[in-house]
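Order of the sequence lines fixes the chain letters, A, B, ..., with proteins taken first and strands second; residue numbering starts at 1 for each chain.
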Protein chains: 2
Amino acid sequence: MHSGDPEVSRRVKEFREAAKSAGVKLTHQRLEILREVIGRTDHPSAEAVYRAVRVRMPTISLDTVYRTLWLLTDLGVVTTLGPRREVVRFDPNLKHHHHFVCMRCGLVQDFMSADFDHIRVPEALLAVGEATSTHVDVRGVCIQCAQAREL
Amino acid sequence: MHSGDPEVSRRVKEFREAAKSAGVKLTHQRLEILREVIGRTDHPSAEAVYRAVRVRMPTISLDTVYRTLWLLTDLGVVTTLGPRREVVRFDPNLKHHHHFVCMRCGLVQDFMSADFDHIRVPEALLAVGEATSTHVDVRGVCIQCAQAREL
DNA sequence: CTATTTGCAAATAATTTGCAGTGCG
DNA sequence: CGCACTGCAAATTATTTGCAAATAG
């Protein structure tokens, strides 16, 4: 995927519109960062985006990259892999299990399911690697948060 | 789950054995930390374990909690939620997708699957919350790492 | 006894923030 | 032309490490 890619121009245009309606300025830095992150499939860290963009724009700073990536996230143009700012959390459950994750409060509840332990994976994955196990994240809203919202 | 729980004693015994065969000492601190983490289902952070253990053992330090939790992880007594030490990574793919994760090199490859988008979840989850979407993590070894291992 | 382990304090790493100058609309 | 944005440097937060004293085996 390079800069001339129609997908990239489509997403850049999408961002121009989102930026306008959010009253956000279109700076050279923001466009470069956006082009870089859209053109990648390896889920880069802020640092990795910084290194790549700096080649074309040597004066850019790492904190601008951070600020811009969070801005893009807030505008719904990109997402993050896993939750924002994760601290290490420990899990005493050694059995193969799955998670229910509450999108409101971050609750993570384990559950077992023999069906989920070995789901048949798409044929196309053979080209990526060999699958060992499958883990399902069920996202939703937990009972407590659902009740709090009803009030 | 409290200290008298048979499950806790079973796991403590398991740890005593693992510790002996690894040539690791059984300190008061380690046993308290182990009891605390085993007795919880909320996947606590090191900080949370520290706060809880400090009630019974006021002189314990946060770094001992960290060292012990990683020790327990290395001994295979507990695991972590997500990979060790995660940096934020950004994902430009806004479509509902799933991940193939290589356990060797950390590669995360997106893939689509309409089947995986809405798997029927176990009835028991109704007691936990309302499910909105399902996301599958397929763990395994990617082609590159598999080839490297063959050499 | 003596090698591990602990607690303290200082070091790191990733990320965020305050501020003065710069540039988009 | 004014307010949002940038770059720099300094602050924060989570986690790790060096070291002298404490302790398990």
Between [atom2] on [N] and [atom1] on [X], what's the gap in Å once rounded to a whole number?
X: B:F15; N: D:dA24; atom1: CZ; atom2: P; value: 14 Å
X: B:D63; N: C:dG7; atom1: CG; atom2: P; value: 8 Å
X: B:R30; N: C:dT6; atom1: CZ; atom2: C1'; value: 9 Å
X: A:I60; N: D:dC5; atom1: CD1; atom2: P; value: 14 Å
X: A:L31; N: D:dC5; atom1: CG; atom2: C1'; value: 13 Å
X: A:M57; N: D:dG7; atom1: CE; atom2: C1'; value: 12 Å
X: B:E47; N: D:dT12; atom1: CD; atom2: P; value: 17 Å
X: B:E17; N: D:dG25; atom1: CD; atom2: P; value: 15 Å

Task: For DNA chain C, the residues among residues 22-29 of chain A that have a non-hydrogen atom under 4.0 Å from it - done: A:K25, A:L26
If you compare every side-chain N and O of [X] against the phosphate oxygens of [N] (OP1, OP2), does one of them come in below 4.0 Å?
X: A:W70; N: C:dT15; result: no
X: B:R67; N: C:dT5; result: no
X: B:Y66; N: D:dT15; result: yes

Task: For the student: nearest non-hydrogen atoms of A:V65 and A:I33, plus distance - done: CA-CD1, 3.8 Å
- [ ] Compute the centroid of each ring, for A:H135 and then for B:H98, and state whether the two points are separated by less than 6.0 Å.
- [x] no
- [ ] Report yes or no: does B:T134 contribute a side-chain atom to a donor-acceptor pair with the main-chain N or O of B:D117 at less than 3.5 Å?
- [x] yes
Open item on the list: Tell me if a side-chain donor or acceptor on B:R11 pairs with a main-chain N or O of B:L34 at a distance below 3.5 Å.
Closed with: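 It does not hold such a pair.
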- [ ] Please test B:D110 against A:H43 for side-chain hydrogen bond (donor to acceptor under 3.5 Å, both in side chains), starting from the C-alpha separation and ending with a verdict.
- [x] CA-CA 9 Å; B:D110 293 357; A:H43 312 95; 2.7 Å; yes
Task: Given A:D42, A:I38, A:V37, the one that forms side chain to side chain contact (heavy atoms under 4.5 Å, CB included) with A:R40 - done: A:D42
Open item on the list: Base, sugar-phosphate or nothing for B:S45? Non-hydrogen atoms, less than 4.0 Å.
Closed with: nothing
Open item on the list: I want to confirm an ordering. Mapping A:S61 and B:L62 to their closest nucleotides on DNA chain D, which one lands closer to the 5' end?
Closed with: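 The residue closer to the strand's 5' end, by nearest nucleotide, is A:S61.
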Open item on the list: Check this for me: does any side-chain nitrogen of one of A:K20 and A:E17 sit under 4.0 Å from a carboxylate oxygen of the other?
Closed with: no
